[in-house]
Amino acid sequence: MKLLITKITKHPLGALYGALLGIVALFAAVPMFGSGMWDAALVDLALAAIFIGIMFKKFTVCSSCCASVPEKCAAWGLLFFANILAVLPFQNFPGSLNTALAFTLLIGAAVLYFSGRKIALICLVPALWCGVFMPYHEEFMLMLSYPLRLSATMLSASLLKLCGIGVVYAGTSLNLPGVDIAITDACSGINQLDAFILIAFVMVQILHKKAGWKILHFAFIMPAIIIGNSLRIVLTVLLYRQWGECVLLGNWHIALGYVQIILALAVFIAVGRLFAAAATEEKP
């Protein structure tokens with residue numbers, strides 16, 4: 001505790017940025033709690049806390065000198081752009097996405113003006129997470145759902161054909177002899193994406209030391225979910241051919257949903273280990 005107080009005392013601006021982003025995250029989580037999305041809200045808050053903690057840790061080891069004149073000029077330019085973005089009539093003011101982006105840019109302009117570009121870059125990820133993603137959590141998830149379903153449908157159809165099973169896919173539906181399987185939003189893996197992001201972020205921090213490998217591995221979240229979902233669909237079809245319609249309903253369906261998470265996580269871990277091995281080999 002004494003060490004934490006010392007760090008806050010030496011770096012009050014970092015503490016101020018962290019407190020501001022924490023308040024933004026809490027306000028963004030309130031509507032999710034109100035709509036019953038407790039799991040998503042808690043995961044988003046946990047990730048916000050991790051991002052803010054990493055930001056403050058980076059802040060304490062970076063140079064805390066004042067911003068240069070060009071950086072201050074850039075901050076004023078960013079502030080002007082944020083004001084223009086806020087009043088653009090994309091959606092009804094003030095609940096529009098452009099307003100959230102403008103608010104995030106406002107935070108970025110303040111950080112850039114008082115602390116320079118290095119600290120501003122460190123604050124970028126937590127600012128976007130707390131100020132843009134969390135307030136529009138459901139909208140972003142719905143936007144991601146269809147591409148995830150479409151990709152999983154195409155990949156699973158290809159895998160089923162390799163297994164010698166006649167299948168035709170149209171959009172997010174699979175047409176098989178005797179049954180049609182629709183890949184809905186609930187089957188896309190989108191409901192597990194929040195928890196998967198949290199697990200993946202922690203895993204990336206453990207497996208890799210260099211930022212490049214961390215970013216590359218973290219970017220594999222979507223492919224891992226698509227592969228896991230595709231393997232689940234293939235397994236569902238194979239079990240259906242053996243046991244009938246019971247595997248499409250009830251406990252079978254729920255159990256296969258958990259299998260999807262396990263498969264996606266296994267793929268993500270395997271890719272992470274390959275990246276970690278490649279990072280080790282590139283060392284002199």
Do you know the tightest heavy-atom contact between [X] and [Y]?
X      : Y      : result
Met134 : Ala48  : SD-CB, 4.2 Å
Leu78  : Ala109 : CD2-N, 3.6 Å
Ala41  : Ala29  : CB-O, 4.2 Å

Out of curiosity, [X] [atom1] to [Y] [atom2], how far, rounded to the nearest 0.5 Å?
X      : Y      : atom1 : atom2 : answer
Leu207 : Phe275 : CG    : CZ    : 11.0 Å
Ile206 : Phe201 : CD1   : CZ    : 11.0 Å
Leu112 : Ile107 : CG    : CD1   : 13.5 Å

- Task: Using the six-membered ring wherever Trp is involved, compare the ring planes of Trp213 and His208 and label them parallel, tilted or perpendicular (cut-offs 30° and 60°).
- Result: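 Taking His208 first and then Trp213, their aromatic rings lie parallel (interplane angle under 30°).
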- Contacts of type side-chain contact (heavy atoms from CB on, under 4.5 Å), residue Leu124, not counting sequence neighbours: Leu128
- Message: Among residues at least two apart in sequence or on other chains, which ones pass salt bridge (Lys or Arg N to Asp or Glu O under 4.0 Å) with Arg273?
- Response: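 Partners of Arg273 by the salt bridge (Lys or Arg N to Asp or Glu O under 4.0 Å) criterion come out as none, since no residue qualifies.
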- Phe140-Phe133 aromatic ring centre distance below 6.0 Å: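 Between Phe140 and Phe133, the centre distance is under 6.0 Å.
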- Any sub-3.5 Å donor-acceptor pair from Gln260's side-chain atoms to Gly228's backbone N or O?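 Looks like no, no N/O pair under 3.5 Å.
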- What pairs of residues pass the side chain to side chain donor-acceptor pair (under 3.5 Å) test when at least one of them lies in residues 262-272, not counting sequence neighbours? none
